[in-house]
There are 2 protein chains.
Amino acid sequence: MTVTEPKTHSEGVYASLRAELLGGAFEPGSKLRLAGIGSRYGVSLSVVREAMTRLAGEGLVQALPQRGFCVAPLSVEDLLDLTRARVLIETAVLRESIGQGGLDWESAVIAAHHTLQRTPYTTSEGHLGGDWSVAHHAFHKALLTGAKSPRLESIATELRDCSLLYQHWSIDIAHDLDRDVAAEHRTIAELAVARDADGAVKALTDHLERTTAALLAYAKSNTESGRGIGISA
Amino acid sequence: MTVTEPKTHSEGVYASLRAELLGGAFEPGSKLRLAGIGSRYGVSLSVVREAMTRLAGEGLVQALPQRGFCVAPLSVEDLLDLTRARVLIETAVLRESIGQGGLDWESAVIAAHHTLQRTPYTTSEGHLGGDWSVAHHAFHKALLTGAKSPRLESIATELRDCSLLYQHWSIDIAHDLDRDVAAEHRTIAELAVARDADGAVKALTDHLERTTAALLAYAKSNTESGRGIGISA
DNA sequence: AAGTTAAATAAAATCGAAATTTTCTTGCTT
DNA sequence: AAGCAAGAAAATTTCGATTTTATTTAACTT
């Protein structure tokens, strides 16, 4: 698997910065100084600016006119809205997938699920593994490819990327949650392939809402104990 | 009604360019030369570039690495995908609105519909009036505000803006279509306020699909007669 | 001491030019 | 004449510096 060479400098910085953001390298809401990032990547302000503008369009960073850019600020309110939007859109697209997806889609879902199943959730150090995140993302993406709608897929992907920012709230407690995430994925995959639209939609909804609930529970405990980071409201 | 002063130069060019694009000032797929636009607005390339990057994020223009930007190319395939996405998302959000919208939402829908009803569809010269477009946009937006979901609203708005690019395919035949657009709007508004979710969703779906069908019919006739403009495939 | 104003500092936004890359043109070969 | 190659022109991308705006610091007043 070779990484495609970025055609332009700006493209490269955009991709790197995006990966850093989604990897939780920056604190939510924190200021992103153009000069610092520019010198870190060895490029001029213009290219950092363009990358930032693109990221702002995706909602990963926020543009503050005349005051630069900051990492998208997280809030309970936004997480709830985001989850609602994801449930609405992803379930609708999943229905389309189940209705229109062909054998290629079924195979892709099964393959993606198999990969996810076999990828360790945590690294040897107990942290959330990057490989698992990639496999998880690929699995959810595969579920929606049956709809054969580039627009819907990209919207769903964009929303999921936004919610990735929230995953880093609870990176430490992720593995002692009182639920079986692997089983949830298996259920979704099985019902989808079995063309049980209502069942699959229900399972996907539960999956998304449970994840959000776990995040909120963690955010609450953190806020109460005064260790809350970057959570407004 | 005062237009808010743009905080930054780039912001202003972005807004102006956006309005031109949605107003059909440029031919779909045509090249947008940065230097030309820059001198026209009296700004340097940097600010045009930033505006373009933002517009590319919205899908109104397309970024071609190392080759600049062009107006989003239109195609039958994309129009069908776009319509499908709009139906899926707008109907889902409309359901939420009907389910959760309060009296303020009802009032906003009725007000927006009233404005739309009283705004002439064509100007004295027989062209599609800008006022009507604004009122039309506001009406569809009002339908979705009851859901109280900033994310869903902005996604729906973005998609509708994209489809505005297609409206200029048929600007001339717009008024001799064999359908009553005003009646369609009235039906949607009435069913929505009456909290008839299934009925309103059906009416909205019909409205969107009829508009697309009319555009496709026009595009087909244009292509056959060799007068097609910027329609690939 | 708290609040306000004014200077100094830092950062962002913009510019004009240099460096690349693409595109067009011209001349050459088959 | 058609196809190809080399050079010229044009356009995009990037840079470094200037200008403008926001933020911080310091001094001053109430």
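What's counted below: heavy atoms across the whole structure, side chains too, no hydrogens, waters or symmetry copies. Per chain, numbering begins at 1; letters A, B, ... match sequence-line order.
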Participant: May I have the step-by-step check of side-chain contact (heavy atoms from CB on, under 4.5 Å) for Lys148(A) and Glu96(A), ending in yes or no?
Facilitator: CA-CA 9 Å; Lys148(A) 298 262 189 305; Glu96(A) 295 276 304; over 6 Å; no
Participant: Would you check if the distance from the ring center of His140(A) to the ring center of His113(A) is below 6.0 Å?
Facilitator: no
Participant: side-chain contact (heavy atoms from CB on, under 4.5 Å) between Met52(B) and Leu17(B): does it pass, once the steps are laid out?
Facilitator: CA-CA 9 Å; Met52(B) 287 292 180; Leu17(B) 222 36; 3.9 Å; yes
Participant: What's the separation between atom SG in Cys70(A) and atom CZ in Arg33(A), rounded to the nearest 0.5 Å?
Facilitator: 11.5 Å
Participant: Using a 4.0 Å heavy-atom cut-off to protein, can you give one letter per nucleotide of nucleotides 16-22 of chain C, 5' to 3': B if the base is in contact, S if only the sugar-phosphate is, - if neither?
Facilitator: B----SS
Participant: Under 30°, 30 to 60°, or over 60°: which ring-plane class applies to His185(B) and Trp132(B), parallel, tilted or perpendicular?
Facilitator: tilted
Participant: Of all the nucleotides listed (dA12(C), dT14(C), dT14(D)), which has the minimum atom distance to the side chain of Lys31(A)?
Facilitator: dA12(C)
Participant: Mind calculating the distance between CG (Leu34(B)) and P (dT13(D)) to the nearest angstrom?
Facilitator: 7 Å
Participant: Just how far, in rounded Å, is C1' of dA13(C) from CG of Leu64(A)?
Facilitator: 14 Å
Participant: What integer distance in Å separates Ile37(B):CD1 from dC15(C):C1'?
Facilitator: 18 Å
Participant: Name the residue from Arg86(B), Lys141(B), Arg18(B) that meets the salt bridge (charged side-chain N to carboxylate O under 4.0 Å, His left out) definition with Asp161(B).
Facilitator: Arg18(B)
Participant: Taking the side chain as everything from C-beta on, heavy atoms only, tell me whether Phe69(A) gets closer than 4.5 Å to Leu55(A).
Facilitator: no
Participant: Between C1' on dT21(D) and CZ on Phe69(A), what's the gap in Å once rounded to a whole number?
Facilitator: 15 Å
Participant: Using a cut-off of strictly less than 4.0 Å, decide whether Thr8(A) has a side-chain nitrogen or oxygen near OP1 or OP2 of dT14(D).
Facilitator: yes
Participant: With the threshold set at under 4.0 Å for non-hydrogen atoms, list the residues of residues 49-62 of chain A touching DNA chain D in residue-number order.
Facilitator: none
Participant: Cys162(B) pairs by side chain to side chain contact (heavy atoms under 4.5 Å, CB included) with which of Thr157(B), Leu82(B), Leu79(B)?
Facilitator: Leu82(B)
